[in-house]
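This report refers to the structure that appears directly beneath it.
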Amino acid sequence: MKKYFNFIIIMILTLPFVVMFSSCSHRNQAWETMDKAEEVMNSNPDSALTILSSIDNGKLGDDAEMARYALLKSMALDKNYIDTTNFDILQPAIDYFLSKGSADDRLRTYYYQGRIYQNQKNNDLAMRSFIRGREYFGQASDTLAMANLLVAQGTILTTTYKFEDFVNVNLEAAKLYSELNRVEYEILSIANALDGCIVMGNRDRADSIMTIAQNKTSANPEYSSEIQPYLLSYTIKFGDKEDITELLNYYDSVDTFDDMTKVDVAQAYCKIGDMFMANQILNAIDSSSAAMETLKYLAVKTDICEQSGDYEGALTAYKNFSTTIDSIHQGIFSHDLLFAKERHEMEKSNLLKLQKRDKIIWISICVAFVLLIIIGFIYYRYRLSKAKNLIEEQDLRIKIGQLEAESASLKEILEKRKDLAKPIEDAIKIRVEILNGLLATQITGNDAYAKPYGTWRDQLIQDKDEFMNSTRLAFKASHPRFIEYLEEHGLTESEINYVCLYAIGLRGKEVGEYMQLKRHYHISSDIRKKLGIDEHQTNIGIYIRKLMKKL
């Protein structure tokens, strides 16, 4: 039974480690698989999607692993032109990376969040995501994600007629694509920028961009078709009749072209006055084509009908144009998209103000805390000083009392005992004079009264034996029984002098410093033995002063 019990305990203790090892093992395997998918993400997105699909996302480990899988899966779907309109896949990346991710993680997450909003036709939130993603351009290293975000942002800018911003973001994207040697995407971005300049009628900038485009297509002729449609728009906008006619000859040799190009070709014929060909090209557009709902088609239709003498058709086309453009304007102004950048800057400014305010508050709290500590320390020192002064005052009162008692005792001895030996009498007189001076100094605070004491003190420092002898003689007169007790216990005269130093209040260390004798501790030990004082437990100074009071 005990064996089974031990086995259960061992299993319980090792189970967490087994689970941890299993989790780490699975994470390593899933992480390595995601590494492989990321390696081929840009070159072979279909392979990346296949690799990611082999991972059982239901068995993914921690939040970081689930976030990485969510982001890579969203990238693979987008690059395979599989549009998603919900956040089921990307949400773990949003939850984790936007708060804990690196600059690249946050950039990518905001980009794919914006792409999903675009698929939902919610350009307001898409633009907000793209703007937030751009905040990490200076920190992130994923150049391709930066370029893609700029292009996506540009597609939204055209819907609000912010063509200047549209041109700028596409030129910036073209520069990033150039760094990556992604020529096709670079030329497409240059073409977008050219289109924006044509719409604005900015010929100087359009000429500059056109030169760049022609240089790029000359070096890479396989991509020249990307620029051709914009070359037609450029010629219609800025060229003369001969330029337009020459370019139309090219389109006459082309078998088929898309409906939006047909609109441009019809406009070109209209501009050179060939209404027959203009109508023929315009009528060739499929009635179900999305091109017929564009403002450009309606504007070209209006001009062609008017110049052809079909005023009723021109009026109808113009009404449709006005209705469409009003609808577009209403859609723009009914959303926050037009002011997305301004609103974001305002939010950012407010956030910085809040951060600045919080910083000021924290600094104020820290300063207040430091001041509180300083004030507390000052108050503590004040209380300590006050307590010290009180103790010193108490000690002073005790010392004054002792000095008064000793002075009175010595005076009484001089008055009553006329048989004192001359040396003892002189020692007592000198001591009484010194005591009187010290008392006067303590009571009045006038150091002049202590002058005799200072002179005496200097003499004593120079002649230790004389001081110790005079002290012994004074004690012999004031405390005769005390001196007799010491003599009865065999103490020599020098040892009694030594004991008298303790009797006047000096401590062992002070006695040693005063005497400056190497034998100081030996003398102390000899006295302890003669008086029967314990070597370790009894303080000799306390013992001597108690003995003197007792006797």
Side-chain angles (χ1 to χ4, degrees), residues 11-120 122 125-126 128-150 152 176 180 182:
M11 288 297 295
I12 292 172
L13 292 174
T14 57
L15 183 59
F17 297 100
V18 172
V19 172
M20 186 185 302
F21 177 79
S22 175
S23 175
C24 290
S25 176
H26 180 268
R27 172 168 183 171
N28 289 338
Q29 183 180 357
W31 205 264
E32 289 174 2
T33 303
M34 285 189 276
D35 287 340
K36 294 176 182 177
E38 190 168 10
E39 286 177 8
V40 298
M41 182 67 70
N42 294 322
S43 57
N44 296 291
D46 53 339
S47 298
L49 183 58
T50 302
I51 293 170
L52 290 169
S53 299
S54 68
I55 298 174
D56 184 356
N57 62 334
K59 294 183 179 179
L60 291 174
D62 56 18
D63 292 343
E65 188 174 54
M66 289 189 288
R68 188 187 183 200
Y69 175 81
L71 182 56
L72 290 174
K73 187 67 176 291
S74 298
M75 291 171 66
L77 291 172
D78 185 72
K79 290 179 184 297
N80 281 281
Y81 305 102
I82 302 174
D83 294 338
T84 57
T85 56
N86 60 68
F87 291 95
D88 294 347
I89 295 174
L90 186 63
Q91 194 61 49
I94 295 172
D95 295 338
Y96 184 81
F97 284 142
L98 295 189
S99 60
K100 300 178 182 179
S102 65
D104 282 311
D105 292 331
R106 297 185 187 204
L107 166 64
R108 292 168 179 169
T109 302
Y110 274 125
Y111 170 64
Y112 288 105
Q113 182 186 55
R115 292 289 294 121
I116 292 174
Y117 281 131
Q118 275 188 304
N119 294 336
Q120 294 176 349
N122 191 336
L125 294 179
R128 184 178 297 187
S129 296
F130 295 147
I131 291 174
R132 288 176 176 170
R134 288 191 65 171
E135 291 183 1
Y136 298 97
F137 274 26
Q139 308 165 43
S141 60
D142 191 342
T143 308
L144 182 60
M146 287 186 254
N148 290 342
L149 185 147
L150 290 168
L176 294 175
L180 296 170
R182 304 296 289 265

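At a threshold of 4.0 Å, the pair Arg106-Glu135 does not count as salt-bridged, since none of the basic side-chain nitrogens sits closer than that to a carboxylate oxygen. Salt bridge status for Lys73 with Asp88: absent, with no side-chain N to carboxylate O gap under 4.0 Å. In summary, Glu38 and Arg108 engage in a salt bridge, as defined by a charged side-chain N under 4.0 Å from a carboxylate O.
Panel note: side chain Asp104, backbone Asp142; a donor-acceptor pair is recorded below 3.5 Å. Judged by distance alone, the side chain of Asn148 and the main-chain N or O of Ala145 form no donor-acceptor pair under 3.5 Å. Glu65 contributes a side-chain N or O that, together with a main-chain N or O of Gly61, makes up a donor-acceptor pair within less than 3.5 Å. Judged by distance alone, with hydrogens and angles left aside, the side-chain atoms of Gln118 form no donor-acceptor pair with the main-chain N or O of Ala126 at under 3.5 Å. Using a distance-only test at 3.5 Å, with no hydrogens or angles considered, no donor-acceptor pair links the side chain of Asn44 to the main chain of Ser47.
When side chains are defined from C-beta on, Leu60 counts as touching Ile55, because their heavy atoms get closer than 4.5 Å.
How far OG of Ser53 is from CG of Leu49: 4.5 Å, rounded to the nearest 0.5 Å. For the atom pair CG (Leu77) and OH (Tyr112), the distance works out to 10.0 Å, reported to the nearest 0.5 Å. Ser74 contributes atom OG, which lies 4.0 Å from atom CG of Leu90 (distance to the nearest 0.5 angstrom). Taken to the nearest 0.5 Å, the CD1 atom of Ile82 stands 11.5 Å off from the CG atom of Asn119. Here Met75 contributes atom CE and Met41 contributes atom CE; the two are 5.0 Å apart, rounded to the nearest 0.5 Å. Taken to the nearest 0.5 Å, the NZ atom of Lys79 stands 4.5 Å off from the CG atom of Asn42.
When all heavy atoms are compared, the tightest approach of Gly133 to Leu107 is O-CD1, 3.5 Å. Taking all atoms of both residues into account, the shortest heavy-atom contact from Gln139 to Ala103 is CB-CB, 3.6 Å. Contact detail for Phe130 and Ala152: the closest heavy-atom pair is CZ-CB, 3.6 Å. The shortest non-hydrogen separation linking Ser129 to Gln113 is OG-OE1, 2.9 Å. Residue Ile51 comes nearest to Ala37 through the heavy atom pair CG2-CB, 3.9 Å, listed as atom of the first residue, atom of the second, then distance. Between Ala93 and Ala67 the shortest heavy-atom distance is CB-O, 3.6 Å.
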Chi angles and distances behind the side-chain contact (heavy atoms from CB on, under 4.5 Å) call for Tyr96, Met66: CA-CA 9 Å; Tyr96 184 81; Met66 289 189 288; over 6 Å; no

Run the numbers on Arg182 and Thr143 for side-chain contact (heavy atoms from CB on, under 4.5 Å), then give the verdict. CA-CA 11 Å; Arg182 304 296 289 265; Thr143 308; over 6 Å; no

side-chain contact (heavy atoms from CB on, under 4.5 Å) between Ile94 and Tyr110, intermediate numbers included: CA-CA 8 Å; Ile94 295 172; Tyr110 274 125; over 6 Å; no

Does the pair Arg68 and Asp62 meet the rule for a salt bridge (charged side-chain N to carboxylate O under 4.0 Å, His left out), with working shown? CA-CA 10 Å; Arg68 188 187 183 200; Asp62 56 18; over 6 Å; no

Working note: Asp63 + Asp95, criterion side-chain contact (heavy atoms from CB on, under 4.5 Å); need CA distance, chi angles, decisive distance, verdict. CA-CA 9 Å; Asp63 292 343; Asp95 295 338; over 6 Å; no

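A side chain to side chain contact (heavy atoms under 4.5 Å, CB included) with Gln120 holds for exactly one of Asp83, Thr84, Thr85; it is Thr85.
A cation-pi arrangement, defined by a distance under 6.0 Å to the six-membered ring centre and an angle within 45 degrees of its axis, is present between Arg134 and Phe137.
Here Tyr117 and Phe87 bring their ring centres to under 6.0 angstrom of each other.
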